[in-house]
Colleague: 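Please find one structure pasted underneath; my questions will follow.
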Amino acid sequence: MNDKQASKLVVDQVSHRYGEVAVLENLTLEVKVNEVVMLVGPSGCGKTTLLDLLSGHMAPVSGKITRQGTARTVYQQDGLFPWLTVWENVGIGLRSVPDPKQRDDEIAELLELVNLTSFKNHYPHQLSGGMRQRAELARVLAGDSDILLMDEPFSALDYQARLTMRRELARVLQKRPRTVVFVTHDIEEAAQLADRVLILSKRPATICQELPITIPRPRGLADDEVVEAMRMILRALGLNNTDGVTV
Amino acid sequence: MNDKQASKLVVDQVSHRYGEVAVLENLTLEVKVNEVVMLVGPSGCGKTTLLDLLSGHMAPVSGKITRQGTARTVYQQDGLFPWLTVWENVGIGLRSVPDPKQRDDEIAELLELVNLTSFKNHYPHQLSGGMRQRAELARVLAGDSDILLMDEPFSALDYQARLTMRRELARVLQKRPRTVVFVTHDIEEAAQLADRVLILSKRPATICQELPITIPRPRGLADDEVVEAMRMILRALGLNNTDGVTV
Amino acid sequence: MTRQSSPPSTQKVSSRLGRFSSILVLLGLILLWYGISALNLFPAYAFPSPASVLVSFQEELTAGRLLNDIVASLWRVAIGFVLAVGLGVPIGLWLGQHLQARQALVPMLNFFRFLSPLAWIPFAILWFHIGDKPAIFLIFMATFFPMTLATMVAVASIPSIYFRVAKDYNYSGIELLTQVTFPAVLPQVITALRMSYGIAWVVIVAAEMVGCQDGLGYGIWEARNGLRLDSAVCYMIVIGSLGMGIDRLFAELTKLPAVRWGYER
Amino acid sequence: MTRQSSPPSTQKVSSRLGRFSSILVLLGLILLWYGISALNLFPAYAFPSPASVLVSFQEELTAGRLLNDIVASLWRVAIGFVLAVGLGVPIGLWLGQHLQARQALVPMLNFFRFLSPLAWIPFAILWFHIGDKPAIFLIFMATFFPMTLATMVAVASIPSIYFRVAKDYNYSGIELLTQVTFPAVLPQVITALRMSYGIAWVVIVAAEMVGCQDGLGYGIWEARNGLRLDSAVCYMIVIGSLGMGIDRLFAELTKLPAVRWGYER
Amino acid sequence: RYRPFTGSGAAVVHKGSNKHADRELTVGFLPVTCHLTCPVTDFASKTTATNTNFNSRVFTDFPTVVSALEAKQVQATFMIVPLAMKLREQGVPVKICYLGHRDGSEVVVGKNSKIRSLVDLKGKKVAVPSLFSNQNFVLHKLMVDYQMKPTDINFVVLPPPDMPTSLAAGAIDAYFVGEPFCAKAELDGIGRVLYYARDIWPSFISCALVVHEDLIKSQPDMVQDLVRGIAQSGAWAETHRAEAAKLVAPYYRQDEKVLKYVLTADPKRVSYVNLTPTDKDLARIEDMGLSMGLLTKRTPMDELIDRKFVPDVIREAPIDVAQIPSPKK
Ligand SMILES: Nc1ncnc2c1ncn2[C@@H]1O[C@H](COP(=O)(O)OP(=O)(O)OP(=O)(O)O)[C@@H](O)[C@H]1O
Ligand SMILES: Nc1ncnc2c1ncn2[C@@H]1O[C@H](COP(=O)(O)OP(=O)(O)OP(=O)(O)O)[C@@H](O)[C@H]1O
Ligand SMILES: [Mg+2]
Ligand SMILES: [Mg+2]
């Protein structure tokens, strides 16, 4: 599992459509092992679709996708099993751990990390939107998987929680590097976490710009390079000067 | 309906709990007519619960809530009727409009506004997360209601769409002022849209700070006052200096 | 599960293959039947052979009886079932939304649900005399209660958010029922419809005991009383095929655009 | 709808009120019955009075027959139904997930679904002789197919995301069926359970025609043969009440924590 | 309701050339040979000159017949005699006006079974069509004669059509029922006759023509017609057995072969003459029912029987054999 070739992701000339709606057009992309790729693009352009293709949940209409290694996804919405408690939901990634004690410890630690310890016996429908998202985050980090696909995983979190989660994710990835494809609308997030940022065009989506971000970690929010990266991303999104945006 | 007293919202000593979980504690709040109040607070603190109480969908365990005027909500998740197309969903707020032509025109205009014209005949399950959110936004803006309750309505939108929606919302509110209670995790949003920002504490939620924002409109993102307001909100959230946050 | 993603050509192939395999299964069943009866495992009078059933099928068909019986039974089932659905679904929707009414009436509805049409026969004759009407009554009694209760239970599983939205947009009364509650449970109502429709056909044999002079159920009775097991099997096959065919129509309902959300999410 | 928000005291009051109103409704029904029979709208032999039913109830009870019949029928229904559910639910789950198998087998299952237990009787006797076994077989035949198909249809309505998650976490085979598919359809399976359970009781009268010497269905049969409509009504009341009571137990299943999500969202 | 093919099938036997009849009466029956005179009368009323068209209406089982009679949906019907007594006992105003046939029932045992007499049936399962059937009564009477206890035999109530199968499957050891359910077992090689009814109870009665008193009061001449028709049909059937089998086969939807076997194999098997109910016959049945506890009170015979419609001279019905439709192939 820690084989260097284990987590390759290659997208080769992939197009996808739902009936009439063309969503991806001739997309080619290679994600390197343990690389963190952030996807940024307009709403409805096909980011979720791309993740579904990467994880193998859907087959592309044309083109080829190669995936090596096991992938897990943080879904954009409601990926928790509603019939399991938070504790049990997090536990499903650890079913293969033979020692119950070790399993329980790991679950407890993850719940601590996402600050849901006191809600471990709640069912998903008894949680707030942000809490559900955090539970899903804990679940995806449990156990061992080579690839993480994350679809706006922090979108329902408050600013502070977002910062914490970002930090924790970085910490977890440092301990156990993984290949990550991460969809976000948050420029800060992209600049702080990415090895590479891909800017997608409007639907049908193609990669209209690729920004490698080579800033050494840890990256401070106010570091010049990070601020510069953020500005770069905004520029790539066609938002050269948001300062002028008035409401 | 345009009666000045029509859209009063008063929360008086309200507490709420789900079983063991105390969510709101002795909350008192008055939203003035046509005021835009933004709620900011940690995930799971009780913002959605407060909106549910304000809209009358739930009754508080103790305390009293007075609402004058009709309220409509943008729900945090999946508020569209899955059995109706986007067009029909937006149309449900306009059922009382007698003239079909006028109704169709208004629906078309709103779909244009949220950039969903080409998806008008799609069903919600055929839309992306952000598109669903935009459709819900269009629906809530259709027709006449006195109070808008918005639960992180832009959370699934990309940065650019967020800016657009913010601007459109402001424009709609200028044309037809309404009382708005708006939950957000986006500090920019709060600073640009709010007449008053309420910072909620952790669960059980109380109002731990109130920030009136009196900056004249239009408000530019880079305006000093707006930047200052954002800083103020961050400070109120206990994030005095996020610059030091490293990942 | 990710049906929408499989390209259309695959789908067509698999449905053709599906039809083919289902025919294979049915053929296999017939072969099995043929084999058993050829091996004389059971005596012929107690286990009619496919050939004898075919002969009696031809007989009934040329005598015109079979078609007459089909029309008669279809008609009775249709009336009884349409009445049951037409009353049961609205009542179920209404009960689903009114706790008070539910608590008051459900025990009664539940009580009647468990009564066999065979037990109702004396009353059916007393109230509706003999012929079509009591048969329709019996079919109604057998399908109305399951339909009502299934609808009612389905309403309980509607996510509350739809009712919240409905309240926001001033839905109430009949409009709430028809525009929100009903579409929200429609996928489950279609399932309930298919189940109750099965009950209606199962009950037809009992229902046509009440002095009917035609109908498929009556045909089975007559065949049994006439010691013609071959003809009984022939009628069973007709009932099964007819039921199956009409169930396909109901299954088509699940393809309505306003229902797809129940299956495609 | 916003049940979770109403304070507990209100709930308790409303449930007490509910029980009260349901008793009122039942009392009203009995009164109506009493009134009709007192008015002599129908001759007494065709429409037994509550008093005569009460007398025959007492008779059957003191003779020990009634209790015996209840136990016999409960046992048959229990065995037949448990078999049907025990086979039907897994098969339904499996079919729901295998398009190929579904396409091949559903027409056959659907075919058998429409066959009346009354039509099966000759075969039941041939294969299972008389007594308990054919009765159980008939109950099984009447409930297995609806249960299987309802489960299968329910699987089709599972949101695809659960299967995606399951795939992410390496669920497959039996584990997928028991840990994902089953809990995902459990709320709907409980509904199907309640519906099929109703069918099982409805069928008991037909099932106990095949040489049973006891049982509630046989009791009705005997009462009708012996022109004892009062005793038939007494048995109907017992069947209805028993069914109703056991349905309450099934309704309790909807309160399981792992099922609440189906009703509280 | 839309009815295709009204001109064919079962309907054919309801229409005929008799233009004389200006009124109709529905008479209930079950497809057993005991009720054979009912469809014969139906046929005769439509092909010969009578005043009433008799429509025979087939039922599936006796309880339903009873319900229909109680609801006055049929006012004349054939039914097992003890059931008629029970009806009368319960205050349903019905009268026995005529009988169905004599004998016509057998105790059947497995073809290769070693059972030679009733005593051999000790501890075995014996099926009867209903507790209120005369078969059940008579068998109990025979047990008394053989000094057996009522519990020596396990009686099972089974619908008659299921009896041959049950016997073949070994589910029961014997059954006692009316024809043609015995002949069927014989023809199929399942069973053999242990006792003919006449061996146990000479001039055995199974079923009778039961008429509602309302009809007797309101239209006595119609009842007169009916009883005369039935009696004449019986007389005709007694001498035209093969033709009778052919005539009723479509009414019964039964195999003509079985019916023909019942009627012709042994002329003593069934008999359609001497069908006027006598007090002695019925009193014996009533006694048996009372002693078995199935009947609870004695009904005076003059309340139960109405013989005034039985014609003094019973002629054969003038049925034109040529008019009997041949089965289509
Ligand atoms: N049905 C329920 N049963 C039990 N607890 C509930 C229920 N609904 C909400 N809660 C609890 O109430 C608290 C507040 O939830 P609420 O949805 O109001 O939070 P929120 O402020 O909207 O959070 P977020 O920003 O994550 O959406 C949470 O701790 C949640 O677990
Ligand atoms: N089942 C479906 N049927 C038809 N169209 C679909 C379906 N699912 C998605 N689409 C369409 O595909 C396009 C891309 O959807 P996708 O969910 O991938 O967008 P996204 O980039 O994730 O957007 P967002 O940021 O809003 O989540 C959208 O236009 C959507 O309408
Ligand atoms: Mg998406
Ligand atoms: Mg919330």
Side-chain angles (χ1 to χ4, degrees), chain C residues 1-2 14 18-19 21-22 24-26 29 42 46-47 99-100 103-108 110-116 118-119 122 126 142 146 150 153 156-157 159-160 163 187-188 191 194-195 198-199 201-206 217 220 224 229 232 236 239-241 243-244 247 262-263 265, chain D residues 1-2 14 18-19 21-22 24-26 29 42 46-47 99-100 103-108 110-116 118-119 122 126 142 146 150 153-154 156-157 159-160 163 187-188 191 195 198-199 201-206 217 220 224 229 232 236 239-241 243-244 247 262-263 265:
Chain C
M1 313 304 101
T2 60
S14 94
R19 205 169 311 134
S21 63
S22 75
L24 265 190
V25 168
L26 290 179
L29 267 188
F42 299 107
F47 196 86
L99 182 66
Q100 296 283 327
Q103 288 181 325
L105 296 177
V106 164
M108 186 198 72
N110 246 334
F111 176 88
F112 283 106
R113 180 152 77 90
F114 293 99
L115 300 183
S116 166
L118 289 170
L126 188 64
V153 172
S157 71
S160 59
F163 289 114
Q188 283 172 270
T191 305
R194 293 171 72 178
M195 294 302 119
I199 301 179
W201 272 115
V202 164
V203 161
I204 191 81
V205 180
I220 286 195
R224 283 193 61 205
L229 220 53
M236 282 168 82
I239 288 182
S241 315
M244 197 169 75
D247 187 69
Y263 306 97
R265 280 192 296 191
Chain D
M1 316 300 105
T2 59
S14 95
R19 204 167 315 133
S21 63
S22 76
L24 266 191
V25 168
L26 290 178
L29 268 187
F42 300 106
F47 195 87
L99 181 67
Q100 296 284 325
Q103 288 181 325
L105 296 177
V106 164
M108 186 198 73
N110 245 335
F111 176 86
F112 283 106
R113 179 153 77 92
F114 293 100
L115 300 182
S116 166
L118 289 170
L126 189 64
V153 172
S157 70
S160 59
F163 290 112
Q188 283 172 271
T191 305
M195 293 302 119
I199 302 179
W201 273 115
V202 164
V203 161
I204 191 81
V205 180
I220 286 194
R224 283 195 62 206
L229 222 52
M236 283 168 81
I239 288 183
S241 314
M244 197 169 76
D247 187 69
Y263 306 98
R265 281 191 299 190

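Not measured: the values here are computed from a predicted model. By convention in this document, chain letters (A, B, ...) are assigned in the order of the sequence lines, proteins followed by strands, and residues within each chain are numbered from 1.
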Colleague: Rounded to the nearest 0.5 Å, what separates atom CE in D:M108 from atom CE in C:M244?
Modeller: 11.0 Å
Colleague: For C:M236 and D:F111, which heavy atoms make the closest approach, and how far apart are they?
Modeller: O-CZ, 4.1 Å
Colleague: Against chain C, label D:R224 side chain, backbone, both or neither, depending on which of its atoms sit under 4.5 Å from a heavy atom there.
Modeller: side chain
Colleague: Where do D:R113 and C:R194 come nearest, in terms of heavy atoms and distance?
Modeller: NH1-O, 2.8 Å
Colleague: Go through the atoms of D:I239 and report whether side chain, backbone, both or neither lie under 4.5 Å from a heavy atom of chain C.
Modeller: both
Colleague: Tell me, for D:P187 versus chain C, whether the close heavy atoms (under 4.5 Å) come from the side chain, the backbone, both or neither.
Modeller: neither
Colleague: Give, for atom CZ of D:F42 and atom CG of C:L126, the distance between the pair rounded to the nearest 0.5 Å.
Modeller: 5.0 Å
Colleague: Can you tell which of D:P107, D:G217, D:A104, D:S116 has the highest number of heavy-atom pairs within less than 4.5 Å of chain C?
Modeller: D:A104
Colleague: Is it the side chain or the backbone of D:L115 that comes within 4.5 Å of chain C heavy atoms, both, or neither?
Modeller: both
Colleague: Sort D:A206 into side chain, backbone, both or neither according to what part of it lies under 4.5 angstrom from a heavy atom of chain C.
Modeller: both
Colleague: If you count heavy-atom pairs within less than 4.5 Å of chain C, which of D:L105, D:L118, D:L29 leads?
Modeller: D:L118
Colleague: Below 4.5 Å, heavy-atom pairs only: which of C:I204, C:V153, C:L24 has the largest tally toward chain D?
Modeller: C:V153
Colleague: What part of C:A232 gets closer than 4.5 Å to chain D, counting heavy atoms only: side chain, backbone, both or neither?
Modeller: neither
Colleague: To check you understand the geometry: which heavy-atom pair defines the closest contact between C:Q100 and D:S21, and what is its length?
Modeller: O-OG, 4.4 Å
Colleague: On a heavy-atom basis, which atom in D:D247 and which in C:F114 lie closest, and how many Å separate them?
Modeller: CB-CZ, 4.0 Å
